[in-house]
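Reading through the structure tokens given below for one structure.
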Amino acid sequence: MSAASVPAALRDLADQPRVRDFLATALAEGRLSHAYLFLGPPGSGKHEAAEALAKCVVCPNGGDATCDECRRVAHRTHPDVHWLAPESATGYLVTQVRELIADAALAPMRAPSKVYVLERAELLRGSAANALLKTLEEPPANTMFILCGRVADAMLPTIVSRCQQVPFRAASTESGVRAIMHSCAATPEEARIALAVAGSPGRAVDYLKSPGRREVRRLVVDTLDALARDDSWDVLLAARKIVTAVAIPLADVKQAQEDALRESQDFLTAGALKQVADANKRELTARERSGMMEALAAAESLLRDVLMRSEGVAEAIVNEDAAAVVDRLAARVTTRSVMRALDAVARAADDLAHNVSPQLTLEVMLLSVKEALACPPSFR
């Protein structure tokens, strides 16, 4: 398929050309499925593809990526595009799925169709999965479901059989860096850092365009650098500063949600307005968790560089702009201590996934990293 015939919203999927061309062909031929199952490892671009497809579905221009509808999808404030994530540590709640089903029965607010994106679809289990199954078997008109998961084997076979599977391959670092540099004015060093923090080329481009998100990474680097001389109170203050910085980029999203809600007040019932408000609140929570995961990814990337430098690995580090910090840390650690610090970061990511508060998660992680790197807590 020629580049000119691919909708602009899908062109950002350059690191997944087969997926891009498959979706573009389905759009061009009017053969879109009512349910897709995007399968692939983390960072393979499943969520970017879901966003791109949602733009194409709701955009009056077929996915131009620049209109108000596409911008609302990108900001996750479009009233007809819903993003869902598991609300409990064990998976999706049956009440979540029932709310989705009830909402799917309502007519779209702005677009000709509605789109529901379910993240971590492998956590659709038991009653929640069975509740969704009937809707997938008999979907409401003008409704699309996009389920994102790692492998089909982890999901209910009857759910898998009702969806069109779209496999995503793990993108190499080199191809990811090239894709980022193609999409924005970034140096190779900036692209590698963005890819390490954001996890995929599409999200990395958004990261590079966000001063607030880049500031979070700077704070993480500075905090790790200062652990040796900070006492426990300093560490707690640093954690608070990072959590506050994560929330700053969400201000625009919250404002856009409030604006969209005001626009809808004249033609929505009180119940529908409450549903939209609840969905907006969940979306902000999910975005905060995503921002915190980027902070943890920044810490993990820096510590991996420290490990490489301390082991004398003859390979370029990712965080070239923080090479002095990497050298300072590497000069006074052992392989075992860095591995313990990396374990602390992994535990923090697991805590976030289980809905532990971001503030507490970061405090515990930083204190554990401080102890692991042979910087025992000190007190005033």
Side-chain angles (χ1 to χ4, degrees), residues 7 9-10 19 22-38 46-47 49-64 67-70 72-74 76-85 92 94-119 121 124 127-149 155-156 158-166 260-261 263-264 266-280 282-283:
L10 294 178
V19 173
F22 169 74
L23 295 177
T25 299
L27 282 161
E29 297 178 359
R31 294 188 294 102
L32 286 177
S33 173
H34 74 281
Y36 286 101
L37 178 55
F38 288 179
K46 301 187 298 291
H47 298 101
E51 179 183 306
L53 181 56
K55 289 178 181 177
C56 294
V57 170
V58 304
C59 175
N61 305 313
D64 61 14
C67 69
D68 184 53
E69 304 299 311
C70 288
R72 286 175 181 266
V73 174
R76 298 198 179 184
T77 58
H78 197 292
D80 296 319
V81 179
H82 305 269
W83 293 76
L84 291 89
Y92 281 88
V94 68
T95 53
Q96 275 186 275
V97 177
R98 286 173 179 164
E99 288 177 4
L100 180 159
I101 294 170
D103 187 81
L106 302 175
M109 297 182 191
R110 292 174 60 99
S113 299
K114 303 175 79 169
V115 181
Y116 296 87
V117 182
L118 283 74
E119 303 177 5
L124 271 168
S127 299
N130 289 324
L132 181 63
L133 181 60
K134 182 172 178 58
T135 300
L136 292 178
E137 290 173 339
E138 302 174 8
N142 303 318
T143 303
M144 176 184 289
F145 299 91
I146 305 174
L147 281 63
C148 300
M155 300 179 60
L156 193 68
T158 47
I159 291 281
V160 175
S161 68
R162 293 335 187 255
C163 302
Q164 184 162 8
Q165 297 184 46
V166 182
L261 196 60
E263 291 177 9
S264 306
D266 293 337
F267 56 89
L268 286 182
T269 65
L273 283 171
K274 185 179 184 304
Q275 284 187 345
V276 174
D278 290 344
N280 287 346
R282 289 194 296 269
E283 177 55 31

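Evaluation of the side chain to side chain donor-acceptor pair (under 3.5 Å) rule for Asn130 yields no partner, not counting sequence neighbours. Applying the side chain to side chain donor-acceptor pair (under 3.5 Å) rule to His47 yields the partners Arg203; only residues at least two apart in sequence or on another chain are considered. Residues passing the side chain to side chain donor-acceptor pair (under 3.5 Å) test with Tyr92, sequence neighbours excluded: none.
Here the straight-line distance linking atom CG of Leu124 with atom CG of Leu156 works out to 9.0 Å at 0.5 Å rounding. Atom CD in Glu51 sits 11.0 Å away from atom CG in Leu10 (nearest 0.5 Å). Distance check: Ser113 OG to His34 NE2 gives 13.5 Å after rounding to the nearest 0.5 Å. If you take CG on Leu132 and CZ on Arg98, they are separated by 12.5 Å, rounding to the nearest 0.5 Å. Interatomic distance, Met155 CE to Ser161 OG, rounded to the nearest 0.5 Å: 10.0 Å.
Leu147 is not listed as a side-chain neighbour of Glu119, based on a closest heavy-atom distance of 4.5 Å or more. Side-chain contact between Leu100 and Leu84 is present, with at least one heavy-atom pair separated by less than 4.5 Å.
Looking at Lys46, its side chain never comes within 3.5 Å of a backbone N or O of Leu37 through a donor-acceptor pair. Remark: the backbone N or O of Leu133 is not paired with any side-chain donor or acceptor of Thr135 at under 3.5 angstrom. At distances below 3.5 Å, at least one donor-acceptor pair connects side-chain atoms of Gln96 with backbone N or O atoms of Ala85. Counting only distance, with no hydrogens or angles, the side chain of His82 and the backbone of Val115 share no donor-acceptor pair below 3.5 Å. No donor-acceptor pair closer than 3.5 Å links the side chain of Asn61 to the backbone N or O of Asp64.
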- Task: Might you work through the side chain to side chain contact (heavy atoms under 4.5 Å, CB included) test for Gln165 and Val160, ending with a clear yes or no?
- Result: CA-CA 8 Å; Gln165 297 184 46; Val160 175; 3.2 Å; yes

- Worked check of side chain to side chain contact (heavy atoms under 4.5 Å, CB included) between Leu118 and Trp83: CA-CA 6 Å; Leu118 283 74; Trp83 293 76; over 6 Å; no

- Message: side chain to side chain contact (heavy atoms under 4.5 Å, CB included) for Leu136 and Phe145? Distances and angles first, verdict last.
- Response: CA-CA 8 Å; Leu136 292 178; Phe145 299 91; 3.8 Å; yes

- Task: Please test Val58 against His78 for side chain to side chain contact (heavy atoms under 4.5 Å, CB included), starting from the C-alpha separation and ending with a verdict.
- Result: CA-CA 9 Å; Val58 304; His78 197 292; 4.1 Å; yes

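Note: Tyr36 and Phe22 have perpendicular aromatic rings, judged against thresholds of 30 and 60 degrees for the angle between ring planes.
Using a 4.0 Å cut-off between a side-chain N of Lys or Arg and a carboxylate O of Asp or Glu, Glu69 and Lys55 do not qualify as a salt bridge. Look at Asp68 and Arg110 and you find a salt bridge, because one of the NZ, NE, NH1 or NH2 atoms lies within 4.0 Å of a carboxylate O, short of that distance. Residues Asp80 and Arg72 are not paired through a salt bridge, judged by the lack of any N-O separation under 4.0 Å between the basic side chain and the carboxylate.
The nearest pair of heavy atoms linking Pro7 to Ala24 is CD-CB, 4.0 Å. Closest approach of Ile159 and Ala129 over heavy atoms only: CD1-O, 3.6 Å. The nearest pair of heavy atoms linking Cys148 to Ala50 is SG-CB, 4.3 Å.
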